[in-house]
Amino acid sequence: MAKKIERSIQELYQDDPQRADAAVFGRETGPSRRGFLNGAGLAAMGAAVGATIPFHDNMPGGLIPAALAQGTLTGPQPVQTPAPAAPKGPQYLEFPGKDKLVVIGDRPLVAETPEHLLDDETTPISKFFIRNNGVAPEAAKDADSWSLTIDGEVNKPLTITLGDLKKRFKAQTQRMVLECGGNGRSFYSPPASGNQWTNGGAGCAEWTGVRLGDVLKAADPKATAIYTANYGTDVHLSGDAKRLTLSRGVRLAKAMDPNSMIVWAMNGEALPNIHGGPVRLIIPGWPGSVSHKWLNKITLINKEHDGPGMTGTSYRVTIKPMVPGDKADPANFKILESMPVRAIITSPANGAKLAAGTRDLKLRGASWAGDLSVKQVDISVDFGRTWQKATLEKTKNKYDWQRWTATVKLPSDGYYEVWSRATDSNNVMQPHVAAYWNPAGYGGNPMHRVAVLVG
Ligand SMILES: Nc1nc2c(c(=O)[nH]1)N[C@H]1C(S)=C(S)[C@@H](COP(=O)(O)O)O[C@H]1N2
Ligand SMILES: [Mo]
């Protein structure tokens with residue numbers, strides 16, 4: 001009998017968390033359910049996660065244990081019609097020079113970095129996520145002859161090769177986070193459409209290049225120039241050479257920020273083709289889609305850009321919160337600019353098994369907050385009842401991520417969940433569950449959690 005429950009609970013948490021929760025907690029999931037996990041439910045939950053749960057008194061009803069879910073707090077899930085496909089195990093990327101990234105899509109190629117592979121101070125190229133919207137162009141044979149044009153609302157249109165760009169403008173190197181606008185999308189309930197990123201559509205690399213603003217100034221923008229329109233050489237999935245895969249842009253003020261760059265090197269190496277080499281934009285703190293890869297033209301325009309990826313609900317978030325799953329009112333959307341605050345636990349990995357008797361658990365992680373900085377990272381190992389401040393490391397420069405460390409005490413062997421949550425410099429904290437639902441799922445930044453088994 002116990003065996004049967006154990007198996008079915010595990011399966012149920014995968015396919016129908018609400019029913020699983022009702023089975024474990026003994027009745028339909030409600031909001032505040034602390035302290036109800038006892039008797040048969042506690043035994044079933046313990047069997048499902050693989051150990052006794054020292055802090056079970058604090059375990060909220062509706063919580064899918066981290067051991068059974070991908071790392072973030074997921075509340076009760078509405079029943080889907082038709083039912084979503086049963087989750088398969090992760091599919092790992094096979095790509096020259098890349099580590100075990102998790103494939104989210106193969107055409108176009110999209111692959112994310114599991115949180116525990118983001119444990120390096122600087123994300124190595126081998127671990128850096130990939131997000132293509134179309135087909136990457138063939139690698140350029142002679143990078144320095146790559147040509148870039150600045151035109152549109154300018155007095156002196158400019159076409160310059162990469163070789164000349166390097167000679168004519170002052171270079172800088174900055175370590176900065178690049179994060180996909182849809183990072184965290186998989187945590188939305190009901191599911192939002194698009195690539196189902198967990199927290200791994202982000203990385204922090206050292207980018208070498210010139211200030212975008214210096215190059216734009218060389219073209220002498222007219223007073224009418226207020227927005228950029230970015231273009232590159234990747235090919236639309238249809239194969240139609242006239243169709244653009246993506247063409248996004250930013251307000252001129254953001255383009256002129258000294259941290260916005262045209263880059264040709266990543267971690268000291270020539271920018272790899274898959275990351276947009278020879279030349280790409282890095283517009284830090286904003287959705288990765290404005291950091292155009294294979295960049296060959298920027299047109300300054302006198303209005304908000306309307307290229308692919310700029311209209312409808314693409315890269316837009318709600319102005320006033322909407323009912324999750326409802327039909328979207330197009331008038332209620334604004335362009336997503338600065339990305340929301342996020343902290344991730346990069347060590348230990350979700351599901352880590354530690355030796356019996358481990359009482360001091362060392363944690364490491366990263367945090368970042370779009371255009372803002374991270375003010376504080378807090379950690380809990382008792383399902384959020386008590387929190388402890390993590391130590392934030394120094395950053396190298398603006399838009400660098402803030403690495404953090406903490407040591408937490410575990411009172412006994414058993415099953416724990418480590419939860420992390422960051423607060424940004426405007427005092428905005430990550431929510432428990434993905435908030436501000438929008439149809440294409442931008443801004444999902446619920447707190448991260450990992451399961452740890454001691455003994
Ligand atoms: N030309 C071009 N630039 C692009 C894209 C693209 O598909 N084509 N994808 C964008 C998106 S959505 C993201 S998140 C980042 C990803 O950069 P990466 O693949 O180097 O990690 O590139 C952006 N720049
Ligand atoms: Mo993206």
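In what follows, every heavy atom counts, from backbone to side chain, and hydrogens, waters and symmetry copies are set aside. Each ligand, and each atom within it, is numbered from 1 in the order the structure gives.
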Just to be sure I understand the cut-off, which residues have at least one non-hydrogen atom under 4.0 angstrom from an atom of ligand 1? Phe128, Phe129, Ile130, Arg131, Asn132, Asn133, Leu178, Cys180, Asp234, Leu246, His275, Arg280, Gly288, Ser289, Ser291, His292, Lys293, Trp294, Tyr315
In plain terms, say whether Asp371 and Lys398 are close enough for a salt bridge, that is, a side-chain N and a carboxylate O under 4.0 Å apart. no
Can a side-chain donor-acceptor contact be found between Lys375 and Asn427 if the only test is distance below 3.5 angstrom? yes
Do the non-hydrogen side-chain atoms of Gln376 and Asp378 ever get within less than 4.5 Å of each other? yes
Should Arg316 and Leu336 count as side-chain neighbours, where that means a heavy-atom distance under 4.5 Å? no
So, Thr113 side chain and Leu101 main chain: donor-acceptor pair closer than 3.5 Å or not? no
Is any NZ, NE, NH1 or NH2 atom of the basic residue among Arg175 and Asp400 found under 4.0 Å from an Asp or Glu carboxylate oxygen of the other? yes
